[in-house]
Amino acid sequence: MNKYKEIEFGFGNIESAIKELKSHNELVCGSFNGQMLYSDIDDLDSAYVKITGKTKAEFDEAERIRHEEYEEQQRKHKEAIPELTKEWIEKGNAILGEKYRELWAKCVPVRLDDLYQGMELGNCLEIVEQLNNGKTVEEVKPLIENQGHSGMSFGLVCSMVKSFCDRGEEFVNYTRS
């Protein structure tokens with residue numbers, strides 16, 4: 001017979017799970033991210049090691065470093081936006097019809113300074129280029145399916161394809177059907 005009563009953790013983090021374990025007056029255990037934690041065995045550090053492979057201090061330090069690296073990457077990207085804007089406008093001008101170039105030039109810096117940092121610019125141009133070169137919507141659909149989109153980025157790329165390609169609406173209607 002198991003000497004531990006199994007409990008369920010609510011939403012929370014490792015700290016809240018340990019607090020929950022320690023709040024009981026009997027031996028309890030619970031699964032957290034696939035790891036069983038025990039009220040009489042685990043403390044904060046041992047739980048962190050089980051779940052993350054690092055002590056709490058090691059985990060916090062790794063997170064601090066990851067955050068600093070992310071902030072540095074964000075800063076470098078922001079600094080690069082003027083040069084990237086020129087590059088993406090040139091790429092668009094090589095693919096897009098003349099009537100779309102002014103709107104493209106306005107769109108590029110906005111997209112570069114947004115969540116996806118311009119990823120959707122390349123996705124859009126990849127699709128528009130194929131459509132402009134006479135490929136069928138059936139032939140082009142796998143491109144957008146293989147670009148790894150979330151629902152939001154998929155919608156954004158579809159909107160851009162509609163805005164920058166004569167066959168964009170046809171493509172989007174087919175892709176969404």
Side-chain angles (χ1 to χ4, degrees), residues 8-17 30-35 48 51-54 59-177:
E8 299 257 335
F9 296 118
F11 290 106
N13 56 26
I14 298 171
E15 288 91 342
S16 63
S31 179
F32 188 98
N33 284 10
Q35 297 296 321
Y48 262 88
I51 296 163
T52 71
K54 299 174 177 141
F59 179 83
D60 288 348
E61 179 63 10
E63 284 298 297
R64 184 192 65 75
I65 291 168
R66 185 194 61 76
H67 180 73
E68 284 179 2
E69 289 170 349
Y70 171 79
E71 290 295 322
E72 178 66 9
Q73 184 274 329
Q74 293 292 99
R75 185 190 62 74
K76 285 180 179 178
H77 176 75
K78 288 246 188 237
E79 288 176 1
I81 287 176
E83 188 58 37
L84 290 170
T85 298
K86 292 176 193 169
E87 291 174 24
W88 280 109
I89 289 172
E90 288 175 13
K91 288 177 185 180
N93 288 345
I95 293 170
L96 302 174
E98 181 71 36
K99 66 183 179 181
Y100 298 112
R101 293 180 183 164
E102 184 179 339
L103 180 59
W104 179 257
K106 291 177 183 175
C107 177
V108 167
V110 173
R111 299 280 38 106
L112 287 169
D113 197 28
D114 205 358
L115 174 66
Y116 300 112
Q117 298 183 335
M119 169 273 302
E120 67 280 9
L121 297 169
N123 293 159
C124 173
L125 290 179
E126 180 181 29
I127 293 165
V128 170
E129 183 174 38
Q130 296 302 308
L131 292 170
N132 286 351
N133 287 335
K135 297 267 181 154
T136 67
V137 292
E138 293 86 0
E139 291 172 308
V140 180
K141 183 179 179 183
L143 283 178
I144 198 165
E145 292 173 337
N146 295 324
Q147 289 174 337
H149 292 291
S150 67
M152 190 167 131
S153 67
F154 178 86
L156 178 57
V157 171
C158 285
S159 176
M160 291 175 68
V161 170
K162 282 170 62 173
S163 297
F164 295 110
C165 181
D166 291 343
R167 297 178 56 214
E169 188 157 345
E170 172 194 4
F171 172 76
V172 170
N173 289 341
Y174 178 77
T175 300
R176 289 187 167 162
S177 64

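With hydrogens and angles ignored, the 3.5 Å screen pairs a side-chain donor or acceptor of S163 with a backbone N or O of S159. At least one donor-acceptor pair closer than 3.5 Å links the side chain of N13 to the backbone N or O of S16. No donor-acceptor pair under 3.5 Å is formed between the side chain of N93 and the backbone N or O of R101. D114 contributes no side-chain N or O that, together with a main-chain N or O of V110, makes up a donor-acceptor pair within less than 3.5 Å. With W104 contributing its side chain and W88 its backbone, the two residues share a donor-acceptor pair below 3.5 Å. Under the 3.5 Å distance criterion, the side-chain polar atoms of H77 are matched with a main-chain donor or acceptor of L112.
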(request) For Q73 and E68, run side-chain hydrogen bond (donor to acceptor under 3.5 Å, both in side chains): C-alpha distance rounded to whole Å, both residues' side-chain angles, the deciding distance at 0.1 Å, then the answer. (result) CA-CA 9 Å; Q73 184 274 329; E68 284 179 2; over 6 Å; no

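Summarising the geometry of L115 relative to M152, their closest heavy-atom pair is CD2-CE, 3.7 Å, with the distance given to 0.1 Å. Of all non-hydrogen atoms in N132 and C165, the two that sit nearest each other are OD1-SG, 3.6 Å. Scanning both residues, K54 and A62, for their nearest heavy atoms gives NZ-CB, 3.8 Å. Across all their heavy atoms, V161 and L131 have their closest contact at CG1-CD1, 4.2 Å.
Salt bridge R75/E79: present, at least one basic N to carboxylate O contact under 4.0 Å. A salt bridge does not link E169 to K162: none of the charged side-chain nitrogens sits closer than 4.0 Å to a carboxylate oxygen.
In this structure, CD1 on I51 lies 6.5 Å from CD on Q35, to the nearest 0.5 angstrom. Atom-to-atom distance recorded for I127:CD1 and E129:CD is 11.5 Å, nearest 0.5 angstrom. How far CD1 of I95 is from CG of L125: 4.5 Å, rounded to the nearest 0.5 Å. Note: F164 CZ to Y100 OH = 9.5 Å, rounded to the nearest 0.5 Å. The structure places CG of L156 at 9.0 Å from SG of C124, a figure rounded to the nearest 0.5 Å. Note that the OG1 atom of T52 and the CZ atom of F59 stand 6.0 Å from one another [nearest 0.5 Å].
When the shell of 6.0 Å around NZ of K91 is examined, it contains more than 12 heavy atoms from other residues, nucleotides or ligands.
Residues that satisfy the side-chain hydrogen bond (donor to acceptor under 3.5 Å, both in side chains) test with K99, not counting sequence neighbours, are D166. By the salt bridge (Lys or Arg N to Asp or Glu O under 4.0 Å) test, E102 pairs with K106, sequence neighbours left out. Listed by chain and number, the residues in a side-chain hydrogen bond (donor to acceptor under 3.5 Å, both in side chains) with E63 are R66 (sequence neighbours excluded). Every residue meeting the side-chain hydrogen bond (donor to acceptor under 3.5 Å, both in side chains) condition with E138, not counting sequence neighbours, appears here in chain and number order: T136. Contacts of E8 classified as side-chain hydrogen bond (donor to acceptor under 3.5 Å, both in side chains), with partners at least two apart in sequence or in another chain: none.
M160 is listed as a side-chain neighbour of L121, based on a closest heavy-atom distance under 4.5 Å. Side-chain contact between E145 and T175: absent, with no pair of heavy atoms (C-beta onward) separated by less than 4.5 Å. Between I144 and N123, every side-chain heavy-atom pair lies at or beyond the 4.5 Å cut-off.
Using modelled atom types, one finds no donor on one side chain facing an acceptor on the other under 3.5 Å when comparing Q147 with E120.
Both cation-pi conditions hold for K141 and Y174: the charged atom is under 6.0 angstrom from the six-membered ring centre and inside a 45 degree cone around its axis.
Residue pairs that meet the ring pair (Phe, Tyr, Trp, His ring centres under 6.0 Å) test with at least one member in residues 114-154, sequence neighbours left out, do not exist here.
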